[in-house]
Amino acid sequence: MDRMKRIKVREQNPLERARNFKEVSMGYDLESAKLEASRCLNCKNPRCVGKCPVSISIPEFIAYVKDGKIKEAAEVIAKASALPAVCGRVCPQENQCEGQCVLGIKGEAVAIGALERFVADYVRENNIDVNIEINKNGRKVAVIGSGPAGLTCAGDLAKLGYDVTIFEALHEAGGVLVYGIPEFRLPKETVVRAEIENVKKLGVKIETNTIVGRTITIDELLEDGFEAVFIGSGAGLPKFMGIKGENANGVFSANELLTRSNLMKAINDDYDTPINIGKKVAIIGGGNVAMDAARTSLRLGSEVHVVYRRSEAELPARLEEVHHAKEEGIIFDVLTNPVEILEDEKGWVKGMKCVKMELGEPDASGRRRPVEIKGSEFVMDVDTVIMSLGTSPNPLISSTTKGLELNKRKCIVINEDNGLTTKKAVFAGGDAVTGAATVILAMGAGKKAAKGIDEYLKAIK
Ligand SMILES: Cc1cc2nc3c(=O)[nH]c(=O)nc-3n(C[C@H](O)[C@H](O)[C@H](O)COP(=O)(O)OP(=O)(O)OC[C@H]3O[C@@H](n4cnc5c(N)ncnc54)[C@H](O)[C@@H]3O)c2cc1C
């Protein structure tokens, strides 16, 4: 075995998987997980832990995997994370724990994400209970939103003894994990629902179909005996380009496409959720959400173009996602910017006018600014346009809660040390505070706020 190279994870064949919604990666089996774990150098000063937003004791759990002690490995992870099977699959490990691994300097970093996923899947599939001791304190905390921020905050508070209720607007818990990230990257029944069940086993109650700001307000929750509130309501409001023709039939947001296919099960023949996807689809944007929308459209039978105004080197999506999308047959039209969507006489998309771009001087983000090439206009032959340009927080909670300060981007302002907002007893974290970010950052924020709430409540009583 070459210690500088990682043990490969099993994957579905690209041509087969491009036509089904089954999970692309099949993860490690016990033997390959033990082999991969044996590559870990168990560094004295593990840089990987410092880069994990929830501070999992990474070398400790990997050492247990190496010895085949998977329950013990799971217990180490459970101290820090409520959603290991999710994070093992969707965290951008290459920029976090794995990005810090010393083996990565001259060879390939230890596959920390794949090992985390293996441990979580193994204990779930083998019905191994992970032991956590809880001493109830009888104090009530409300959590708004059941995405990774809300679930983590709720789970951590429950472990500290609090009586926690999550209020969720949708009919199902999980946030983006259930309505956004597709089944082929994150299986809902076996992975997401199972991890949510684990949070419930800690005693957390989840009330779905409850829109805070409509069904009940934050002030009413505080009057109802909840001593603190955590807002983890995410950033689910999609942005559009504001170009001509954007209201045509056949233009929609990536969030709508993904919600219809994931949460409302349009991909399942037993459900009658409509999904008006055409033969040739343009996805506008180059982030993770764009890759998910592209790969979902492909699986629904369309030819798919990802249209991105900068070059491939600037694509914000994870490298792994771009690689998978290419393998499956997604076409990348980079340095291309839509300027108008053309409609037929019935109001349906019949093409998209675009211009070619080149890269100029760096802009405020440090990336080279895309500049239009004069006279480069052309019409792209597409019948569906899916906008994937980012999202922002929904203003419902802020507009129904007095005393909650927002920044220029309409995100909730918090004290970075403990997650406390400008309103007494109200904390916040995740995408509602940062704008669209990542699962693990949302979890890190939920964790920090849980600690902040605990300290706050202990200080007042
Ligand atoms: C398609 C897609 C793919 C992604 N892929 C990745 C990936 O591969 N890796 C990664 O790390 N990140 C990924 N992300 C980003 C990641 O999912 C988010 O950063 C993360 O889910 C944010 O967590 P959160 O808990 O703050 O919010 P969310 O997950 O958005 O959860 C917020 C919850 O609050 C609920 N809510 C909102 N308003 C109210 C209200 N008024 N009352 C009650 N409930 C309310 C919502 O219904 C939702 O369930 C992806 C995002 C999308 C959209």
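The figures that follow rest on heavy atoms only: side chains count, while hydrogens, waters and symmetry mates do not. Predicted model, so just to flag it, every value in this text is computed and none were measured. When a ligand or atom number is given, it counts from 1 through the structure's own listing order.
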Peer 1: Are K22 and P187 packed together at the side-chain level, in the sense that at least one heavy-atom pair is separated by less than 4.5 angstrom?
Peer 2: no

Peer 1: Would F167 and F230 count as a close aromatic pair, with their ring centres under 6.0 Å?
Peer 2: no

Peer 1: Heavy-atom contact under 4.0 Å between A436 and ligand 1?
Peer 2: no

Peer 1: Mind checking whether Y162 and N137 have side chains closer than 4.5 Å, heavy atoms only?
Peer 2: yes

Peer 1: Is A437 in polar range of ligand 1, meaning some N or O pair under 3.5 Å apart?
Peer 2: yes

Peer 1: Is the shortest side-chain N to carboxylate O distance from E327 to R17 below 4.0 Å?
Peer 2: yes

Peer 1: Within 45 degrees of the axis of the six-membered ring of F184 and under 6.0 Å from its centre: does R299 put its NZ or CZ there?
Peer 2: yes

Peer 1: Suppose I only count heavy atoms of P92 and a 4.0 Å limit; which atoms of ligand 1 are within that range?
Peer 2: 11 (O)

Peer 1: L406 versus I412: any side-chain heavy-atom pair under 4.5 Å?
Peer 2: yes

Peer 1: Looking at N247, I want to see if its CG is surrounded by more than 12 non-hydrogen atoms of other residues, nucleotides or ligands under 6.0 Å.
Peer 2: no

Peer 1: For ligand 1, which atoms have a heavy atom of R185 less than 4.0 angstrom away?
Peer 2: 3 (C), 4 (C), 5 (N), 6 (C), 7 (C), 8 (O)

Peer 1: Which residue holds the protein heavy atom closest to atom 51 (C) of ligand 1, what is that atom called, and what is the gap in Å?
Peer 2: V176 CG1, 3.4 Å

Peer 1: Look only at interatomic distance and state if A169 has a nitrogen or oxygen under 3.5 Å from any nitrogen or oxygen of ligand 1.
Peer 2: yes

Peer 1: Could you tell me whether V212 approaches ligand 1 through its side chain, its backbone, both or neither, with non-hydrogen atoms closer than 4.0 Å?
Peer 2: both

Peer 1: So does E321 pair up with R295, basic N to acidic O under 4.0 Å?
Peer 2: yes

Peer 1: Counting from 1, what ligand 1 atoms have a heavy atom of G232 closer than 4.0 Å?
Peer 2: 32 (C), 33 (C), 34 (O)

Peer 1: Which of the numbered atoms in ligand 1 are below 4.0 angstrom from a heavy atom of F167?
Peer 2: 43 (C), 44 (N)

Peer 1: Does any non-hydrogen side-chain atom of F226 lie less than 4.5 Å from one of V143?
Peer 2: no

Peer 1: Step through the shown structure and confirm whether more than 12 heavy atoms of other residues, nucleotides or ligands are within 6.0 Å of NZ on K280.
Peer 2: yes

Peer 1: Hey, are K140 and E227 close enough for a salt bridge, meaning a charged N less than 4.0 Å from a carboxylate O?
Peer 2: no

Peer 1: Does ligand 1 have an atom that lies less than 4.0 angstrom from a heavy atom of I397?
Peer 2: yes

Peer 1: So, is I440 polar-close to ligand 1, with some N/O to N/O distance under 3.5 Å?
Peer 2: no

Peer 1: Nearest to atom 26 (O) of ligand 1, what protein heavy atom do you find, and at what distance?
Peer 2: D431 N, 2.9 Å

Peer 1: Among protein heavy atoms, which lies nearest atom 25 (O) of ligand 1, and at what distance?
Peer 2: A149 N, 2.9 Å

Peer 1: Is the contact between V90 and ligand 1 made by the side chain, the backbone, both, or neither, using heavy atoms and a 4.0 Å cut-off?
Peer 2: both

Peer 1: Hey, is R39 close enough to E108 for a salt bridge, meaning N to O under 4.0 Å?
Peer 2: no

Peer 1: Does ligand 1 have any atom that is closer than 4.0 Å to a heavy atom of G236?
Peer 2: no

Peer 1: Quick test: of every protein heavy atom, which one is nearest to atom 31 (O) of ligand 1, and how far off is it to 0.1 Å?
Peer 2: G147 CA, 3.4 Å

Peer 1: Is it the case that more than 12 heavy atoms not belonging to Y271 sit under 6.0 Å from its OH atom?
Peer 2: no

Peer 1: Does this structure show an ion pair linking K79 with D156, if we count only N-O contacts that are shorter than 4.0 Å?
Peer 2: no

Peer 1: Around atom 34 (O) of ligand 1, find the nearest protein heavy atom and jot down its residue, atom name and distance.
Peer 2: G145 CA, 3.2 Å

Peer 1: Among D292, L396, N288, whose heavy atom sits nearest atom 3 (C) of ligand 1?
Peer 2: D292

Peer 1: Output the list of atoms in ligand 1 that are nearer than 4.0 Å to some heavy atom of E168, sorted by atom number.
Peer 2: 33 (C), 34 (O), 35 (C), 43 (C), 44 (N), 46 (C), 47 (O), 48 (C), 49 (O)

Peer 1: Identify which one of K188, R117, R185 satisfies the salt bridge (charged side-chain N to carboxylate O under 4.0 Å, His left out) criterion when paired with E23.
Peer 2: R117

Peer 1: For ligand 1, which atoms have a heavy atom of G234 less than 4.0 angstrom away?
Peer 2: 26 (O), 27 (O), 30 (O), 32 (C)

Peer 1: Quick one: look up the protein heavy atom nearest atom 38 (N) of ligand 1 and list residue, atom name and how far away it is.
Peer 2: S233 CB, 3.5 Å

Peer 1: Can you check which of L257, V289, T400 brings a heavy atom nearest to atom 2 (C) of ligand 1?
Peer 2: V289

Peer 1: Any Lys/Arg nitrogen of E455 or K451 sitting under 4.0 Å from an Asp/Glu carboxylate oxygen of the other?
Peer 2: yes

Peer 1: Which ligand 1 atoms does T210 reach within 4.0 Å, using its non-hydrogen atoms?
Peer 2: 42 (N), 43 (C)

Peer 1: With nothing but distance in play, are any N or O atoms of T438 less than 3.5 Å from an N or O of ligand 1?
Peer 2: yes

Peer 1: Would you mind checking which non-hydrogen protein atom is closest to atom 1 (C) of ligand 1, with the distance to 0.1 Å?
Peer 2: L258 CD1, 3.3 Å

Peer 1: What protein heavy atom sits nearest atom 4 (C) of ligand 1, and how far away is it?
Peer 2: I181 CG1, 3.6 Å

Peer 1: Which of the atoms in ligand 1, numbered in the order shown and given with their element, are less than 4.0 Å from a heavy-atom of V439?
Peer 2: 10 (C), 11 (O), 12 (N), 16 (C), 17 (O), 19 (O)

